[in-house]
**Q** 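This is the structure I have questions about; it appears just below.
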Amino acid sequence: MMRDQKKPYDEAVTDAQRAHWQATYAQHPQMYGMEPSDPARHAADVFREAGAHTVLELGAGHGRDAVFFAREGFTVHATDFSATALDQFKAAALESGVADRVTTTVHDVRDPLPLPDASVDAVFAHMLLCMALSTAQIRTAMDEIARVMRLGGFFVFTVRHIGDAHYRTGICHGDNIYEHGGFAVHFFDEALLHSLVQGWRMHRVDAFEEGELPRRLWRITLVKQADHLAEGAVEQRGEQAGARAEFQAGAAGERAAAG
């Protein structure tokens, strides 16, 4: 069933998704396996080269990537809104011998992060920001991420985009959020991505595919700059131009791969 794409976003959708994920993790422990994702491998290389020591992973789930980061020598703080998933993560960390390098917090990304300002070196979020979050909630989350990161810190995140086969299928909840198979996704377009990276330095953006559909995603690598929330208009225009160039390069690579 399709609904009007322009209907107002309903907060209850995100609440329902939280319950759905909790039940899913309970029914399918370690549902994604324990091999790290390709974006996590990329992030580890970026973080290591930047000299990062502390990594915050948002939406860590059962911890396949967080355990990987800990194995790579980083100190990891993992958050997720599913207590069940984090219990599975803590068990996996103990089994892998890295329990002393990880901490966890049950946290809803719609809420302020429970961390001090400038307290982490790097942040990673694989498909978290493209969950059932409104555009306003994503913007707030981005500001919170900037707040807790140290100057020069790297933020690597991935999102599904409007080139994905599930875009505009299933139930539309407004704000480009579509629910398919019980899972709701906020599909990103170029305009949304550009607006979110204002105030950051765009390091690179890459298009890639994942899973059986396959899911089509962007992997974005950003750097926190000084005065993140108070960039001048001229500098913002420069950031937008840089972001557009990076986006177009990634999109061109995606089209070449598809062809």
Side-chain angles (χ1 to χ4, degrees), residues 36-60 64-66 68-69 72-74 76-79 109 113 118 120-131 138-139 141-161 163-164 186-210 215-229 231 235-236 238-257:
S37 66
D38 287 341
R41 295 181 188 276
H42 161 79
D45 290 340
V46 169
F47 298 162
R48 187 182 301 106
E49 185 174 347
H53 300 287
T54 56
V55 175
L56 169 64
E57 183 178 357
L58 303 173
R64 63 170 178 156
D65 290 334
F68 168 71
F69 289 136
E72 291 294 298
F74 298 102
V76 183
H77 187 78
T79 72
V109 73
L113 287 166
V120 298
D121 298 327
V123 179
F124 178 72
H126 184 27
M127 290 196 290
L128 173 71
L129 295 181
C130 63
M131 294 184 69
I138 297 170
R139 293 187 196 284
M142 291 286 289
D143 288 344
E144 273 294 284
I145 291 165
R147 178 184 66 79
V148 303
M149 287 184 66
R150 296 190 177 99
L151 183 64
F154 277 79
F155 175 31
V156 177
F157 69 100
T158 65
V159 293
R160 292 172 74 174
H161 59 70
D164 190 282
H186 189 144
F187 292 93
F188 276 50
D189 59 19
E190 180 180 350
L192 176 58
L193 180 59
H194 288 166
S195 70
L196 292 174
V197 303
Q198 290 187 34
W200 297 82
R201 178 168 67 83
M202 175 73 82
H203 181 69
R204 63 183 295 169
V205 58
D206 301 282
F208 71 103
E209 297 181 348
E210 183 179 85
R215 293 181 291 272
R216 304 189 74 186
L217 303 98
W218 291 321
R219 185 189 70 206
I220 301 97
T221 306
L222 305 177
V223 183
K224 180 182 174 180
Q225 302 185 119
D227 301 323
H228 174 82
L229 299 179
E231 299 291 338
E235 189 169 351
Q236 282 190 3
E239 287 297 322
Q240 288 177 318
R244 184 173 297 275
E246 291 287 349
F247 173 86
Q248 290 171 344
E254 181 181 56
R255 287 193 297 270

**Q** Using side-chain heavy atoms (C-beta onward) and a distance below 4.5 Å, is Leu193 in contact with His161?
**A** no

**Q** Please name the pair of heavy atoms, one in Met149 and one in Ala122, separated by the smallest distance, quoted to 0.1 Å.
**A** CE-CA, 4.4 Å

**Q** For the residue pair Val109 and Ala141, what are the closest heavy atoms and their distance?
**A** CG2-CB, 3.9 Å

**Q** Taking C-beta and beyond as the side chain, do Ser195 and Arg139 meet within less than 4.5 Å on heavy atoms?
**A** yes

**Q** Working to the nearest 0.5 Å, report the span between CZ of Phe124 and CZ of Phe68.
**A** 9.5 Å

**Q** Verify side chain to side chain contact (heavy atoms under 4.5 Å, CB included) between Ile220 and Met202, making sure each step is shown before the conclusion.
**A** CA-CA 8 Å; Ile220 301 97; Met202 175 73 82; 3.9 Å; yes

**Q** Got a second to check how far Asp206's CG is from Leu217's CG, nearest 0.5 Å?
**A** 11.5 Å

**Q** Do His77 and Thr54 come close enough that some side-chain heavy atom pair is under 4.5 Å?
**A** no

**Q** If you define the side chain from C-beta out and look only at heavy atoms, does anything of Arg48 sit under 4.5 Å from Asp45?
**A** yes

**Q** With heavy-atom distances below 4.5 Å as the criterion, would you say the side chains of Leu129 and Leu196 are in contact?
**A** no

**Q** Rounded at 0.5 Å granularity, tell me how far CZ in Arg215 sits from CD in Glu209.
**A** 11.0 Å

**Q** Please check if the side chain of Asp65 supplies one atom and the backbone of Pro36 the other of a donor-acceptor pair under 3.5 Å.
**A** no

**Q** Run Leu113 and Leu56 through side chain to side chain contact (heavy atoms under 4.5 Å, CB included) and show every step you take.
**A** CA-CA 10 Å; Leu113 287 166; Leu56 169 64; 4.2 Å; yes

**Q** For the pair Leu222 and Phe157, evaluate side chain to side chain contact (heavy atoms under 4.5 Å, CB included) and give the outcome as yes or no after the intermediate values.
**A** CA-CA 9 Å; Leu222 305 177; Phe157 69 100; 3.7 Å; yes

**Q** If I compare all heavy atoms of Arg147 with all of Lys224, which pair ends up nearest, and what's the gap?
**A** O-NZ, 4.1 Å

**Q** Which pair of heavy atoms, one from His203 and one from Phe154, lies closest together, and at what distance?
**A** CG-CE2, 3.9 Å

**Q** Quick check, are the ring centers of Phe155 and Trp200 under 6.0 angstrom apart?
**A** yes

**Q** Go through the steps to decide whether Arg219 and Asp38 satisfy the test side chain to side chain contact (heavy atoms under 4.5 Å, CB included), and finish with yes or no.
**A** CA-CA 10 Å; Arg219 185 189 70 206; Asp38 287 341; 6.0 Å; no

**Q** Measure across His126 and Phe208 and return the closest heavy-atom pair with its distance rounded to 0.1 Å.
**A** CE1-CZ, 4.4 Å

**Q** A side-chain contact here means heavy atoms from C-beta on lying under 4.5 Å apart; do Val156 and Phe47 qualify?
**A** yes

**Q** Tell me the closest heavy-atom pair linking Val76 and Ala66, and the distance in Å.
**A** CG2-O, 3.8 Å

**Q** Can you check whether His53's main-chain N or O pairs, donor with acceptor, with Asp121's side chain at less than 3.5 Å?
**A** yes

